[in-house]
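Here is the naming used below: chain letters follow the sequence lines, and residue numbers restart at 1 for every chain. Side chains are part of it too, since the values below use all heavy atoms of this structure and drop only hydrogens, waters and symmetry mates.
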Amino acid sequence: MKGALPLPGFRDFYPDDLARRAHIARAWRAVARRFAFVEYDGPPLEPLELYTQKSGEEIVTQLYAFTDKGAREVSLRPEMTPTFARMVAAKANALRKPVRWFSLPQLFRYERAQKGRLREHFQLNVDIVGETSERADAELLAVALEICAELELGAADIRARVSDRRLLSAILNALGLTDAQHGVAYAVIDKVERASRESSMAKLTEAGVTAEAAEALLATVGATTVEALRARFGAHVAVVEALDRLERYLGLMDAYGYRDWVVLDLTIVRGLAYYTGIVFELFDAQGEFRAVAGGGRYDNLLQALGGVDLPALGFGMGDVVLGELLAARGKLDGVKAATPEVWLIAEERVSPAEVIRVGQALRAAGAAVEYAIGDATMNKQRKVSHTAESEHVCFLSGDPAMEGMIGYKRVAARAPLRGLPEQGEHVLELEAVLQAFRRAHGRD
RNA sequence: GUGGCUGUAGCUCAACUGGUUAGAGCACCGGUCUGUGGCACCGGGGGUUGCGGGUUCAAGUCCCGUCAGUCACCCCA
């Protein structure tokens, strides 16, 4: 209506919104930390060339790019990988391998906003550099799934669909497609779920694929087990090799405790051309949202972007779709902005200075303390302490006989503090109250 | 970039086929309650109906444009 609004595709985070975002970020950091990844960051604004060099032409039209006051062509970062590659490449020899880094960048793209896609979002990036084994791929997927578990999503909520570029490539060769036809095949397979069978067939045959091979391909990508593919392509060495690797990978997922979440799905291609091995995408099991996360192995990208030949793999997980999914499953219901722990109510005869002194003593004990800044009657103060949803209320009497004492009442339905009464209004030693908060905040 | 749908207070919505100063609940602010009170009662602020133009005696209601939101396409880091 009136006044300034955020730019299209950008979000204001009111306290409750920020609490939800922080809830997600907390899970990201907690799990990354448990897997002993370390956090890094880079500039949100980068030279335009960083993205135009190695990314496709298409991506350039969606860059949030402009010319700065120094006539430099710059772009807000649309992805973290180029920055990551640069940073790793610059110190490649000095870094202990494998590199296990993660970041929580805010990323930008200039395109029309739609469900699950804005012009700005926060995206967890987790990468491993220096390991060719599928054990690294399994470790990576385990991080992604453990984050979902951390956010109280289970195998019934999340499906990890995995594939392998090497497997798909070997299958295409086995079906008689030329290398030149692989690109078209990838594009068709990527869209096979949404496109009609006729249009898929048409695109393949237009590229010179025989109708017979095209039909075989469309039938093959429907396979959901290693066994089915082994039965069909058991005679092709490259396919078998890829299947063996995938089988070991799935076996490792079992060891992590996440085998139930994972399904083989050859239609997972990932748009980016730089993927070279196992790729995966996380979806909600009910299929009503966009991908929650996606990633895979990109063994040649560091060479191309940073000039060092190191194998690498990683995934990204954005806050938008994940937040939508969590909200839909009721997992964010209790996530609200923080409320005061203690509200200090003072009788009218108590001086502001005395309120401040007690407030500071409580804060020194670790408590989050608020009180009426302006003049307010006792009634008013009580009312405000309730609307502010403070957990505890303390009363200051101006009575000289009450020196060193304080009124106390627990209000909110949260866990009571050890050493303080659970209900009713009481007069306690101020020191006893401070002691209870010190203990609650680990400051005793 | 293309197309569909939508656009009334902070939020959820109302206003017969176009017809007087656009209403309600919640939220917010203030007051009463000398007080266990997230209560009750009273009162208040807040909308040139997204914006601009047109049709009409008269437009929140109809038409056009525009902006925004939303969904889909394109694309997906």
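With a cut-off of 3.5 Å on both Watson-Crick or G-U wobble distances, the partner of B/rC74 is given as none. Nucleotide B/rC26: paired with B/rG10 (Watson-Crick or G-U wobble, both distances less than 3.5 Å). Under the Watson-Crick or G-U wobble criterion, with both distances below 3.5 Å, B/rU36 is left unpaired in every strand shown. In this entry B/rU55 has no Watson-Crick or G-U wobble partner, no candidate having both defining distances under 3.5 Å. Remark: B/rU48 base-pairs with no nucleotide in the shown strands. Criterion, Watson-Crick or G-U wobble with two distances under 3.5 Å. Within the shown strands, nothing qualifies as a pairing partner of B/rG18 under the Watson-Crick or G-U definition with both distances less than 3.5 Å.
Between the side chain of A/Arg112 and the base of B/rG69, no donor-acceptor pair under 3.5 Å is found. No donor-acceptor contact under 3.5 Å links the side chain of A/Arg109 to the base of B/rC76. Residue A/Glu389 places a side-chain atom within donor-acceptor reach of the base of B/rG38, judged by atom type and a 3.5 Å distance cut-off alone.
Rounding to whole angstrom units, CD of residue A/Glu391 and P of B/rG38 are separated by 17 Å. Note: CE (A/Met378) to P (B/rU36) measures 11 Å, nearest angstrom. In this structure, A/Gln114 places its CD atom 13 Å from P of B/rG69, rounding to the nearest Å. Rounded to an integer number of Å, the gap from A/Gln62 CD to B/rG1 C1' is 10 Å. Going from atom CD of A/Glu79 over to atom C1' of B/rC76 covers 11 Å, rounded to whole Å. Rounding to whole angstrom units, CD1 of residue A/Ile268 and P of B/rC76 are separated by 14 Å. Whole-Å rounding puts the A/Leu7 CG to B/rG69 C1' distance at 15 Å. The NE2-C1' distance, from A/His392 to B/rU36, rounds to 17 Å in whole Å.
To the nearest 0.5 Å, the span separating CG on A/Asn300 from CG on A/Leu310 amounts to 11.5 Å.
Ring pair A/Phe437/A/His392: centre-to-centre distance below 6.0 Å. Ring to ring, A/Tyr40 and A/Phe84 are close: their centroids are under 6.0 angstrom apart.
Across the C1' atoms, B/rG25 and B/rA9 are found 12 Å apart, a figure rounded to whole Å. Spacing between B/rC62 and B/rG18 at atom P, rounded to whole Å, works out to 8 Å. Between B/rG7 and B/rA15, the two P atoms lie 13 Å apart (nearest whole Å). Remark: the separation of the P atoms in B/rU48 and B/rA22 is 12 Å, to the nearest Å. Rounded to the nearest Å, the gap between the C1' atom of B/rU8 and that of B/rG69 is 15 Å.
Candidate nucleotides B/rA68, B/rG38, B/rC76 were compared by shortest atom distance to the side chain of A/Pro8, and B/rA68 ranks first. If you check B/rU36, B/rG31, B/rC75 against the side chain of A/Glu111, the one that comes closest is B/rC75. Relative to the side chain of A/Lys380, the nucleotides B/rG30, B/rC75, B/rG31 differ in distance, and B/rG30 lies closest. Of the listed nucleotides (B/rC73, B/rC33, B/rU36), B/rU36 has the atom at the smallest distance from the side chain of A/Arg382.
Nucleic acid contact for A/Lys115: sugar-phosphate only, since backbone atoms but no base atoms lie under 4.0 Å from a heavy atom of the residue. Residue contacts shown for A/Gly318 are absent, as no nucleic acid heavy atom lies under 4.0 Å away.
Closest-nucleotide positions on RNA chain B for A/Met80 and A/Phe10 were compared, and the one nearer the 5' end corresponds to A/Phe10. Closest-nucleotide positions on RNA chain B for A/His386 and A/Gly116 were compared, and the one nearer the 5' end corresponds to A/His386.
Side-chain N/O atoms of A/Tyr64 and A/Glu120 include no donor and acceptor closer than 3.5 Å.
The two residues A/Ile158 and A/Leu145 come nearest to each other via the heavy atoms CG2-CD2, 4.0 Å.
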Would A/Arg363 and A/Gln360 count as a side chain to side chain donor-acceptor pair (under 3.5 Å) if you check the C-alpha gap in whole Å, the side-chain angles of each, and the deciding distance to 0.1 Å? CA-CA 5 Å; A/Arg363 286 171 181 143; A/Gln360 286 296 89; 3.0 Å; yes

Do A/Glu354 and A/Arg357 pass the salt bridge (Lys or Arg N to Asp or Glu O under 4.0 Å) test, and can you show the C-alpha distance, the side-chain angles, and the key distance before you say yes or no? CA-CA 5 Å; A/Glu354 180 58 15; A/Arg357 274 192 286 273; 3.3 Å; yes

